[in-house]
Amino acid sequence: MQRLHLHLPDEAATARLGADLAQVLAPGLAIYLHGDLGAGKTALTRALLHAAGYQGRVKSPTYTLAEPYEVLFAGRMVTVIHFDLYRMSSPEEFLDAGFREHFNENTVCIVEWPEKGDPVLPPPDIHVNLTLAGDGRDVELRALSDKGHQCLARLKF
Ligand code: ADP
Ligand code: MG
């Protein structure tokens with residue numbers, strides 16, 4: 001499966017990657033964002049949503065755990081659901097909230113702290129790992145399904 005490694009020297013580079021991802025996403029994808037606090041998971045998601053045309057504020061749904069956004073991907077309205085599971089106390093909470101139903105062919109699900117949803121979270125199509133690297137960040141993007149692979153193959157920098 002496909003892997004990409006990039007160095008993101010500053011926040012603008014993170015924003016450009018978010019915009020590049022917004023060009024290639026398709027409904028039905030689940031993207032999991034790994035990385036410590038401050039690694040840039042929310043910054044990447046925010047850039048992606050803004051590049052997809054969302055004009056409001058994007059902050060991490062730390063307390064609500066999930067926040068939906070209606071955006072356009074390739075001329076089609078798609079619901080992007082941004083999850084932040086950091087404060088989730090147990091995987092049962094994920095099931096009880098009905099979050100599993102949000103993972104379907106009509107949505108793009110972007111999940112911060114997917115580890116907290118283990119083992120009830122559906123498997124991701126794309127795994128993103130952000131790490132601190134000097135003043136910037138390193139990022140690894142890995143496709144874990146055919147759909148994720150097709151998406152990353154279309155990335156243009
Ligand atoms: P997380 O959601 O992973 O906890 P945030 O996105 O909330 O992290 O915060 C990331 C912080 O790092 C922000 O202050 C942002 O400005 C900064 N940042 C994002 N990308 C980079 C980068 N490539 N280089 C340096 N700083 C970055
Ligand atoms: Mg965050």
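Computed from a predicted model, the values in this text were never measured in an experiment. All heavy atoms count here, side chains included; hydrogens, waters and symmetry mates do not. When a ligand or atom number is given, it counts from 1 through the structure's own listing order.
Near Glu11, meaning under 4.0 Å from any of its heavy atoms, are these atoms of ligand 1: 15 (C), 16 (O), 20 (N), 21 (C), 22 (C), 23 (N), 24 (N). For ligand 1, the atoms closer than 4.0 angstrom to any heavy atom of Asp10 are 21 (C), 22 (C), 23 (N), 24 (N). For ligand 1, the atoms lying closer than 4.0 Å to a non-hydrogen atom of Gly136 are 24 (N), 25 (C). Using a 4.0 Å cut-off to heavy atoms of Thr14, the atoms of ligand 1 that qualify are 19 (C), 20 (N), 21 (C), 22 (C), 23 (N). The ligand atoms of ligand 1 that sit less than 4.0 angstrom from a heavy atom of Asp135 are 24 (N), 25 (C). Each of the following atoms of ligand 1 lies closer than 4.0 Å to a heavy atom of Ala43: 6 (O). With ligand atoms numbered from 1 in the order given, ligand 1 contributes 22 (C), 23 (N), 24 (N) to contacts under 4.0 Å with heavy atoms of Leu8. Every atom of ligand 1 with a heavy atom of Lys41 under 4.0 Å away is listed here by number and element: 1 (P), 2 (O), 3 (O), 4 (O), 6 (O), 8 (O).
Of all protein heavy atoms, the one lying nearest to atom 8 (O) of ligand 1 is Gly40 N, 3.2 Å. Scanning the protein for heavy atoms near atom 7 (O) of ligand 1, the closest one is Thr42 CB, 3.8 Å. For atom 4 (O) of ligand 1, the closest non-hydrogen atom of the protein is Gly38 N, 2.7 Å. Protein heavy atom at the shortest distance from atom 18 (N) of ligand 1 is Arg137 NH2, 3.7 Å.
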- Check the pair His34 / Asn129 against side-chain hydrogen bond (donor to acceptor under 3.5 Å, both in side chains), numbers first and verdict last. CA-CA 5 Å; His34 296 265; Asn129 194 30; 5.4 Å; no
- For the pair Gln2 and His149, evaluate side-chain hydrogen bond (donor to acceptor under 3.5 Å, both in side chains) and give the outcome as yes or no after the intermediate values. CA-CA 6 Å; Gln2 183 172 348; His149 184 84; 3.1 Å; yes
- Item | Pair Val80-Thr107, side chain to side chain contact (heavy atoms under 4.5 Å, CB included): steps then yes or no | CA-CA 6 Å; Val80 175; Thr107 62; over 6 Å; no
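Although no hydrogens or angles enter the test, the distance criterion places a donor-acceptor pair under 3.5 Å between the side chain of Arg137 and the main chain of Ala39.
For atom 13 (C) of ligand 1, the nearest protein heavy atom is 4.0 Å or more away. Of the protein's heavy atoms, at least one falls inside 4.0 Å of atom 16 (O) of ligand 1.
Electrostatic pairing of Glu105 and Lys147 counts as a salt bridge here, judged by a charged N lying under 4.0 Å from a carboxylate O.
For Tyr54, the OH atom sits in a packed shell: over 12 heavy atoms of surrounding residues, nucleotides or ligands are nearer than 6.0 Å.
Using a 4.0 Å cut-off between heavy atoms, Arg46 makes no contact with ligand 1 at all. Residue-level proximity to ligand 1 for Leu33 is absent, since no heavy atom of it falls below 4.0 angstrom.
Side chain to side chain, Ser60 and Asp84 meet the donor-acceptor criterion of an N or O pair below 3.5 Å. In the model, Glu112 has a side-chain atom that pairs as donor or acceptor with a side-chain atom of His82 under 3.5 Å.
Taking all atoms of both residues into account, the shortest heavy-atom contact from Pro119 to Pro91 is CD-CG, 4.2 Å. Taking each heavy atom of Arg100 and Leu95 in turn, the nearest pair found is CD-CD2, 3.8 Å.
For the pair OE1 of Glu112 and OG1 of Thr42, the angle at the Mg ion (ligand 2) is about 90°; rounding is to 10 degrees.
Ligand 1 has Asp36 within reach: a non-hydrogen atom of the residue lies less than 4.0 Å from it.
Between Phe83 and the choices Phe103, Tyr32, Tyr69, the ring-ring contact (aromatic ring centres under 6.0 Å, His included) rule is met once, by Phe103.
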